There are 2 protein chains.
Amino acid sequence: MLPLSQTTGYALRAMRCLQEPGGQPVLVESVADYTGIPRSYLSKLVHKLAKKGLVTARRGHHGGVVLAKPSAEITLEDLSEAIDGVAWRKRCLMGLAGCTEETPCVLHEYWKQTLQEILVRLRSVTLADMARHQDPGVERFRADHGFLATAEAERNHAPV
Amino acid sequence: MLPLSQTTGYALRAMRCLQEPGGQPVLVESVADYTGIPRSYLSKLVHKLAKKGLVTARRGHHGGVVLAKPSAEITLEDLSEAIDGVAWRKRCLMGLAGCTEETPCVLHEYWKQTLQEILVRLRSVTLADMARHQDPGVERFRADHGFLATAEAERNHAPV
DNA sequence: TCGTTAGATTACCGACGGATCCTCATTGAT
DNA sequence: ATCAATGAGGATCCGTCGGTAATCTAACGA
């Protein structure tokens with residue numbers, strides 16, 4: 001019932017491979033090969049992210065996918081929301097249809113606070129935060145796809 | 001990927017209808033009628049809870065279901081674990097098979113702490129806590145099923 | 001012992017998410 | 001204008017989960 005499906009994990013892995021807005025597009029196929037995410041599935045996933053305004057995809061020669069906004073402005077919550085939606089935030093923990101703010105169930109307040117804590121956590125991590133970690137695999141991939149100017153920027157931050 | 005499925009909600013609603021250990025058994029059918037949970041499905045659910053040692057079920061005349069331990073010792077975590085298992089606690093957020101304590105992924109620590117926070121919350125609520133709330137519906141149900149001695153005990157506590 | 005009461009067990013169905021394959025549509029280079 | 005590159009989209013498969021129904025079996029009372 002809570003968010004963060006397997007597909008959200010895919011989204012995380014895929015987004016790490018993309019360039020900042022205005023950068024060079026990366027092929028869905030390259031990302032699929034590198035991450036091991038099924039190509040066709042990743043294609044649909046990317047489309048979903050595009051509809052939510054998180055990435056921009058262009059078809060044809062020299063097409064590919066780029067971030068639609070700076071990685072520092074893309075949170076884990078954004079991804080979760082794009083993939084899994086927000087329905088889970090509204091569902092009653094006990095599954096009672098009549099549970100509302102006015103007619104709360106026994107666990108209403110408890111659950112509301114729990115969800116709030118989770119949301120705060122999801123908002124506290126951005127793609128840029130993730131890039132600050134050493135990750136030889138991703139750095140190799142980036143080097144192969146035109147990420148030549150990012151290495152320095154990553155050194156100016158502490159780990160998440 | 002996270003726990004707390006619809007079925008866990010069912011378990012919560014069902015357990016609230018049961019007596020403390022040694023008390024009078026309540027019929028699966030009664031609970032189903034009152035909660036609206038499908039009878040057959042609830043039967044399987046109860047069996048699962050019985051295998052985990054949370055309830056005791058007896059067949060035949062004057063059979064039914066009772067809590068297997070005091071409601072104050074049954075946490076939301078117990079229910080979640082009985083129904084949804086614990087696999088979700090071990091899964092990597094990014095879905096990386098090779099992510100371990102020794103070879104952690106970029107989000108490993110972040111996710112570990114998040115899960116810890118959630119677990120603490122799940123452990124902080126017991127069935128007894130839930131009973132402390134006013135709930136005319138459940139109290140009516142209890143009155144109809146031999147819960148004559150519990151009303152006083154419930155008055156000695158603050159809400160959750 | 002026999003029958004009734006109740007939970008246990010089995011088989012099965014439908015919906016949904018993850019996943020795959022194949023084809024369509026768009027873009028840019030020539 | 002044409003062709004190849006590349007994302008978009010439809011059809012379909014598979015496994016899991018919620019849900020139903022029919023049957024089996026243990027416990028008790030008459």
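Residue numbers begin at 1 in each chain, while the letters A, B, ... track the order of the sequences. A quick note: this is a predicted structure, and the numbers were derived from the prediction, not measured.
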Only one of E73(A), E117(A), E77(A) passes salt bridge (Lys or Arg N to Asp or Glu O under 4.0 Å) with R123(A), and that residue is E77(A)

Rounded to whole Å, CG of L45(B) lies from P of dT20(D) at a distance of 14 Å

Rounded to whole Å, the CD-P distance (Q6(B) to dC17(D)) equals 13 Å

Separation of dA8(D) atom C1' from R39(A) atom CZ, nearest Å, is 16 Å

D84(B) atom CG is separated from dG18(D) atom C1', nearest whole Å, by 13 Å

Is R121(B) atom CZ crowded by more than 12 heavy atoms from other residues, nucleotides or ligands, each under 6.0 Å away? yes

Between CZ of R59(A) and P of dA8(D) the distance, given in whole Å, is 6 Å

Atom CG of L27(A) and atom P of dT27(C) are separated, to the nearest Å, by 17 Å

Of E29(B) and K44(A), the one whose closest nucleotide on DNA chain C sits nearer the 5' end is E29(B)

Here the distance between atom P of dG19(D) and atom CD1 of I37(B), to the nearest Å, is 9 Å

All heavy atoms of V28(B) vs all of L42(B), minimum pair found to be O-CD2, 3.6 Å

Got more than 12 heavy atoms from elsewhere within 6.0 Å of CZ, R140(A)? no

**Asked** Is there a donor N/O on one and an acceptor N/O on the other, under 3.5 Å, for the side chain of H61(A) and the base of dT27(C)?
**Response** no

